[in-house]
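Worksheet for the structure shown next.
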Amino acid sequence: MQIGPHLLRNNVFVAPMAGVTDRPFRQLCKELGAGYAVSEMAASNPRLWASEKSSRRIDHAGEMEPKAVQIAGADPQELADCAKFNVDKGAQIIDINMGCPVKKVCNKWCGSALLPHEDLVERIVNAVVQAVDVPVTLKFRTGWDRQNKNALRIARIAERAGIQMLTLHGRTRADGYTGDAEYDTIAAVKASVAIPVVANGDITTPEKARHVLDKTGADAIMIGRAAQGRPWIFREIDHFLRTGQHLPAPMVAEVRHLMDEHLRAHYAFYGESLGVRTARKHIGWYVRDLEGGEEFRQRMNRLESTGEQLLAVNQFFESQLKYGERLQYRLAEEKLAA
């Protein structure tokens, strides 16, 4: 799998997720087997480039290459300028967001709200591709609702403009994240273009990853929500795709160490006050399917310092050893079933 000059380790990618795929999380996913990761989306509005939030979103210091930044906006020139700005800051790949269905993004005619306006889509992809000398990719959806799917036309517009990879989420803008992703449209797009196509949507297990690749013929898969709290899913899927065999659940001691590293990097990235608050969601995802996880999450959310939070997390994973040397997700699942 290759994007421009960048040869990737494998075809199992991390999806860009606002408020999730910051630099510490991207780096962790890459260390745990992800072949590629894209930043949270950066706004194209130049008045926001110097803001603290935007500066964090495009911070790739020390990150495993290639470094990819996703940009979002509706004005072709602003997006072109934003792409150049990020390349000057070290971005090696620019990804254009035409997939986000969130209202506050779509209300500004960004993200998937662009899909009905194919003339504007064409102007945007041409402007960005012509503005930079690094590969430009596009992430989009199947259309704006189920009666109006235009992914094939968008894909052809993008390919003509010089876009070097397409990532297609198997839902429309109107679907949001509800219902099941469909893969027939991804298969049709893959059959219609010569550039790499990445399948995205509802890929939660190694078996589902194999099914989606077989169903669509896609060159790679992109995993989003399933990686929240389980960043080792990338090595699990990669191993299964290569060997047909499952890796065992991770060792409790390894997860405790990974959590410690992740939290320390997170605190260094965000600082004490913001670091504590923003770490809570990650910790909640890590423990949600484990015995005692919900009770721990509620207690942890009342802690106000990084030291207390780090100690509590280490103690929680130490307590998981009484169920075995490996994480025991079954315990929580069996308890819910009962």
Side-chain angles (χ1 to χ4, degrees), residues 1-8 11 13 15-16 35-46 48-49 54 57-58 60 65-100 105 108-143 150-169 186 189-200 218-220 222:
M1 183 68 196
Q2 191 157 344
I3 308 174
H6 306 289
L7 183 64
L8 308 180
N11 62 343
F13 301 168
Y36 179 62
V38 185
S39 75
E40 305 170 80
M41 60 183 175
S44 63
N45 186 338
L48 302 176
W49 294 352
S54 291
R57 287 187 168 187
I58 61 175
H60 289 261
E65 295 185 352
K67 301 173 182 179
V69 172
Q70 186 179 79
I71 60 176
D75 181 88
Q77 189 58 54
E78 277 192 359
L79 282 160
D81 292 342
C82 182
K84 286 189 286 188
F85 172 80
N86 279 284
V87 170
D88 290 343
K89 291 287 186 180
Q92 297 166 305
I93 298 171
I94 295 294
D95 184 61
I96 305 172
N97 182 319
M98 294 189 189
C100 183
V105 174
K108 298 176 183 177
W109 296 104
C110 303
S112 56
L114 292 167
L115 296 177
H117 309 286
E118 294 177 15
D119 57 336
L120 179 56
V121 169
E122 185 167 16
R123 297 205 308 275
I124 286 172
V125 292
N126 275 299
V128 175
V129 168
Q130 293 168 19
V132 294
D133 58 1
V134 303
V136 179
T137 63
L138 175 68
K139 190 170 192 293
F140 65 123
R141 287 188 168 230
T142 57
N150 62 339
L152 282 171
R153 293 196 299 275
I154 297 292
R156 292 182 185 121
I157 289 169
E159 184 178 35
R160 285 198 303 270
I163 292 292
Q164 297 197 31
M165 185 178 77
L166 298 169
T167 299
L168 182 54
H169 186 124
I186 301 177
V189 166
K190 173 57 187 172
S192 72
V193 297
I195 57 178
V197 173
V198 183
N200 178 219
D219 302 276
M222 184 170 275

Problem set entry | Verdict with reasoning, Val121 to Phe140, per side-chain contact (heavy atoms from CB on, under 4.5 Å) | CA-CA 11 Å; Val121 169; Phe140 65 123; over 6 Å; no
For this session: Could you walk me through whether Lys89 and Val69 pass side-chain contact (heavy atoms from CB on, under 4.5 Å), step by step?
Result: CA-CA 10 Å; Lys89 291 287 186 180; Val69 172; over 6 Å; no
Could you tell me if the side chain of [Y] sits less than 4.5 Å from the side chain of [X], heavy atoms only?
X: Leu8; Y: Phe13; answer: yes
X: Ile71; Y: Ser44; answer: no
X: Leu138; Y: Ile154; answer: yes
X: Met41; Y: Pro16; answer: no
X: Lys67; Y: Ser39; answer: no

Could you report the tightest heavy-atom contact between [X] and [Y], atom names first, then the distance?
X: Ala161; Y: Val125; value: CB-CG2, 3.6 Å
X: Val197; Y: Ala218; value: O-CB, 3.5 Å
X: Asp95; Y: Gln70; value: OD2-NE2, 2.8 Å
X: Leu79; Y: Ala72; value: CD2-C, 3.7 Å
X: Ala43; Y: Cys82; value: O-SG, 3.7 Å
X: Met1; Y: Pro196; value: CE-CB, 3.6 Å

From [atom1] ([X]) to [atom2] ([Y]), nearest 0.5 Å:
X: Ile93; Y: Gln164; atom1: CD1; atom2: CD; answer: 8.5 Å
X: Lys139; Y: Leu166; atom1: NZ; atom2: CG; answer: 12.0 Å
X: Asp219; Y: Thr167; atom1: CG; atom2: OG1; answer: 10.0 Å
X: Gln2; Y: Met165; atom1: CD; atom2: CE; answer: 12.0 Å
X: Met98; Y: Arg141; atom1: CE; atom2: CZ; answer: 14.5 Å
X: His117; Y: Ile124; atom1: NE2; atom2: CD1; answer: 10.0 Å

Exercise. Quick one: does Asn150's side chain have a donor or acceptor within less than 3.5 Å of a partner on Leu115's backbone?
Worked result: yes
Exercise. For Met222, does its backbone N or O pair with a side-chain atom of Asn200 as donor and acceptor, under 3.5 Å?
Worked result: yes
For this session: Please determine which of Thr137, Val128, Val129 meets the side-chain contact (heavy atoms from CB on, under 4.5 Å) test together with Ile96.
Result: Val128
Exercise. Given the rule in the side-chain contact (heavy atoms from CB on, under 4.5 Å) test, do Asp81 and Glu78 qualify, once you have shown the distances and angles that lead to the verdict?
Worked result: CA-CA 5 Å; Asp81 292 342; Glu78 277 192 359; 5.7 Å; no
Exercise. Stepwise, does the side-chain contact (heavy atoms from CB on, under 4.5 Å) test hold for Val189 with Leu152?
Worked result: CA-CA 5 Å; Val189 166; Leu152 282 171; 4.0 Å; yes
